[in-house]
Amino acid sequence: MTDKPLQTVNPLTEKVLETYAIMSDEAAMDVVQQSHDAFLEWRLKSLEERASVISAIGAELRKRKEEFAQLMTDEVGKLLSDSRNEIELCASICDYTAKNGPGMLADEERELPKARGLITYAPLGVIYGIQPWNFPCYQAIRYSISSLMVGNGVLLKHAENCTGSGLMLRDIYEAAGLPEGLFGVLLITHDQSDKIIEHRLVRGVTLTGSDKAGRAVAQKAASVSKKTVLELGSNDAYLVFDDADLDLAIKACARGRLFNNGQTCVNAKRFIVTEKNYDAFVEGYAAIFKDATMGDPNDEATKLGPLVSCSQRDQVHSQVEKSVAKGAKIVAGGKIPEGEGWFYPATALVDVAPGQPAYDDEIFGPVAAIIKAKDDEDAMRIANESRYGLGGGIFSKNVERAVKMAATHFDTGMVNINTYTIASPSMPFGGVKDSGYGREHGEVGLKEFVNVKSITIAS
């Protein structure tokens with residue numbers, strides 16, 4: 001093989017953790033075949049039997065929480081407390097799916113003229129997931145647990161940065177009783193990945209990543225008539241209306257931007273504040289950012305760990321510099337610190353306008369874009385100008401009006417009212433526009449990769 005091996009590197013120490021050989025084409029195809037072979041047996045298990053294994057996976061995740069959390073922090077630099085919370089979220093997804101999956105996937109009957117109708121939810125086959133590094137456990141759990149509940153086989157191509165996490169998850173699945181090979185981990189290149197998408201035994205593809213990556217994968221999958229679910233980037237807007245509780249808004253918006261070191265598709269990224277509240281919001285927000293202590297992610301006092309890689313930090317800083325060159329002003333942060341570790345400070349920008357990366361694009365790091373709006377309606381207009389549409393939020397004391405604005409006017413897949421949240425097992429997760437399509441979580445997400453069969457029985 002001429003391909004360079006995969007490496008995981010600790011963002012705090014900049015030292016290599018592990019090196020992994022790239023699979024040969026033959027080995028990768030064997031992983032696909034093994035998942036399919038295991039699927040042929042798994043699909044025959046009852047819904048209750050599958051649910052029992054998924055429940056056991058949740059228990060095994062909790063049993064190995066400290067070990068897994070530490071590995072994630074070492075591989076991608078996230079706060080250890082966030083890593084622990086991520087494992088707990090993943091275990092709760094297993095709990096929810098095991099409890100509710102059998103009922104959601106139960107056969108449904110329909111009355112037909114001179115006949116009886118039956119709708120069944122059958123597994124499709126092997127589902128291929130291409131996942132990023134920012135949530136090493138959650139990104140893989142999110143699609144794989146629902147597919148396993150349905151009765152599918154699952155493949156994972158994880159980001160190079162968290163290769164060890166992908167392999168640990170496979171071990172946890174099998175330790176909990178999942179048939180060996182049903183969940184296959186692929187250590188492959190992008191070119192090899194295209195061959196996996198084309199493989200005759202792969203029946204669906206899901207990707208979480210950039211809109212550019214999403215378009216490439218969707219085109220490849222469409223060329224072989226395979227369904228895709230895409231959860232792509234975003235530039236989530238949080239709107240601070242005239243009647244907002246300003247203290248609540250400032251604290252929640254700051255927390256929403258710094259969560260996971262600012263490297264989350266659904267981080268709060270743009271803060272669109274009405275003229276009435278703008279000056280006070282900027283002052284309070286900048287104060288919190290200036291107090292966001294960078295440091296060792298294993299230290300409980302640390303509020304902001306390192307970014308995942310040097311290239312990621314350079315990209316973030318470049319976007320900040322380009323925004324400033326086009327008129328934005330820095331009110332907190334904005335300078336790369338000296339010393340070891342790929343740190344970038346909590347950075348707040350004002351005078352953010354169209355044409356700047358902070359306004360138009362996603363900045364995948366702890367950089368906030370604060371934008372002034374004339375009034376509530378203008379704030380909503382600015383929010384919807386984005387080519388993205390994953391999540392967003394509204395801060396207003398008039399909750400009924402905020403909900404109506406969210407439901408009727410906010411062009412996103414998810415909206416928070418007077419809070420910042422990430423994900424819930426029961427609530428559909430996904431977006432619109434350049435943020436992708438399809439949903440994960442809840443009943444909608446559970447049924448993305450199923451064969452919905454209509455059976456008509458003559459009476």
Side-chain angles (χ1 to χ4, degrees), residues 211 231-246 248-260 262-278 281-282 284-285 289 319-320 323 328 331 347-396 398-399 401-423 429-436:
D211 48 328
E231 194 271 280
L232 309 178
S234 194
N235 197 0
D236 286 7
Y238 277 67
L239 284 53
V240 182
F241 283 175
D242 278 348
D243 68 343
D245 179 330
L246 200 53
L248 170 68
I250 291 169
K251 290 177 180 177
C253 287
R255 183 176 73 253
R257 191 64 193 99
L258 298 181
F259 175 70
N260 207 50
Q263 299 170 118
T264 302
C265 52
V266 288
N267 270 127
K269 297 186 176 85
R270 291 180 297 150
F271 305 95
I272 305 174
V273 187
T274 59
E275 288 179 338
K276 176 182 176 182
N277 293 315
Y278 184 81
F281 182 91
V282 170
Y285 195 96
F289 264 37
Q319 289 174 294
V320 170
S323 296
V331 294
T347 299
L349 302 175
V350 297
D351 295 346
V352 176
Q356 301 170 6
Y359 189 99
D360 298 330
D361 303 324
E362 178 177 39
I363 299 182
F364 217 64
V367 178
I370 305 176
I371 302 166
K372 184 187 293 186
K374 294 178 181 177
D375 52 30
D376 297 352
E377 288 71 24
D378 189 43
M380 183 62 72
R381 176 191 64 78
I382 293 169
N384 287 334
E385 276 185 343
S386 175
R387 72 179 189 273
Y388 294 113
L390 186 57
I394 297 173
F395 288 88
S396 171
N398 187 338
V399 174
R401 176 174 178 259
V403 169
K404 185 175 181 180
M405 292 281 279
T408 307
H409 298 290
F410 217 155
D411 197 9
T412 66
M414 302 173 285
V415 184
N416 291 313
I417 307 294
N418 293 327
T419 189
Y420 172 75
T421 61
I422 303 300
F429 187 105
V432 295
K433 299 191 283 187
D434 280 4
S435 290

Next on the checklist: Can you list everything that forms a side chain to side chain donor-acceptor pair (under 3.5 Å) with D243? Sequence neighbours excluded, please.
Outcome noted: S396
Item to check | CG-CG distance between N235 and D434, expressed to the nearest 0.5 angstrom | outcome: 11.5 Å
Next on the checklist: With salt bridge (charged side-chain N to carboxylate O under 4.0 Å, His left out) as the rule and sequence neighbours excluded, what pairs involving residues 410-420 come up?
Outcome noted: D411-K433
Checklist outcome for this item: Value for OH (Y359) from CD1 (I382), rounded to nearest 0.5 Å, stands at 5.0 Å
Next on the checklist: Holding to side chain to side chain contact (heavy atoms under 4.5 Å, CB included), I want the full list of residues that pass it with I422, two or more places apart in sequence or in another chain.
Outcome noted: F259, V266, Y420
Item to check | 4.5 Å side-chain heavy-atom contact, L248 and N418 | outcome: yes
Checklist entry - If every non-hydrogen atom of G389 is compared with every non-hydrogen atom of S435, which pair is closest and at what distance? => result N-OG, 2.9 Å
Item to check | M414 and L390, any side-chain heavy atoms less than 4.5 Å apart | outcome: yes
Item to check | Listed partners of Y388 passing ring pair (Phe, Tyr, Trp, His ring centres under 6.0 Å), at least two apart | outcome: none
Checklist entry - So how far is it from K374 NZ to T274 OG1, rounded to the nearest 0.5 Å? => result 13.5 Å
Next on the checklist: So, using ring pair (Phe, Tyr, Trp, His ring centres under 6.0 Å) as the criterion, who are the partners of F429 when residues are at least two apart?
Outcome noted: none
Checklist entry - Do V367 and Q319 come within less than 4.5 Å of each other through their side chains, counting heavy atoms only? => result no
Checklist entry - Does any N or O in the side chain of D242 come within less than 3.5 Å of the main-chain N or O of D376, such that one atom is a donor and the other an acceptor? => result no
Checklist outcome for this item: Rounding to 0.5 Å, atoms NZ (K276) and CZ (F281) come to a distance of 15.5 Å
Checklist entry - L239 and A383: which non-hydrogen atoms are nearest, and at how many Å? => result CD1-CB, 3.7 Å
Checklist outcome for this item: E362 and T264 have their tightest heavy-atom pair at OE2-O, 4.3 Å
Checklist entry - Shortest non-hydrogen contact from T412 to V432? => result CA-CG2, 4.0 Å
Checklist entry - Which residues satisfy the salt bridge (Lys or Arg N to Asp or Glu O under 4.0 Å) test with E377, sequence neighbours excluded? => result R401
Checklist outcome for this item: Contacts of Q263 meeting side chain to side chain donor-acceptor pair (under 3.5 Å) (sequence neighbours excluded), chain-then-number -> none
Item to check | Results of ring pair (Phe, Tyr, Trp, His ring centres under 6.0 Å) for F395 - residues two or more places apart only | outcome: none
Item to check | L349 and its side chain to side chain contact (heavy atoms under 4.5 Å, CB included) partner, picked from V331, I370, V320 | outcome: V320
Item to check | Spatial distance of atom CD1 (I272) from atom NZ (K372) [nearest 0.5 Å] | outcome: 14.0 Å
Next on the checklist: Quick check for you: to the nearest 0.5 Å, what is the distance between M380 atom CE and F241 atom CZ?
Outcome noted: 4.5 Å
Item to check | salt bridge (Lys or Arg N to Asp or Glu O under 4.0 Å) involving D378 - partner list, sequence neighbours excluded | outcome: R381
Checklist outcome for this item: Contacts satisfying salt bridge (charged side-chain N to carboxylate O under 4.0 Å, His left out) that involve residues 348-357 (not counting sequence neighbours) are K329-D351
Next on the checklist: My understanding is that only residues two or more places apart in sequence, or in another chain, count here; which of them pass salt bridge (Lys or Arg N to Asp or Glu O under 4.0 Å) with D211?
Outcome noted: R215, R387
Checklist entry - Can you name the one residue among F271, Y278, Y238 that meets ring pair (Phe, Tyr, Trp, His ring centres under 6.0 Å) with Y285? => result F271
Checklist entry - Partners of K404 by salt bridge (Lys or Arg N to Asp or Glu O under 4.0 Å), sequence neighbours excluded? => result none
Checklist entry - Got a donor-acceptor contact below 3.5 angstrom from the E231 side chain to the G430 backbone? => result no
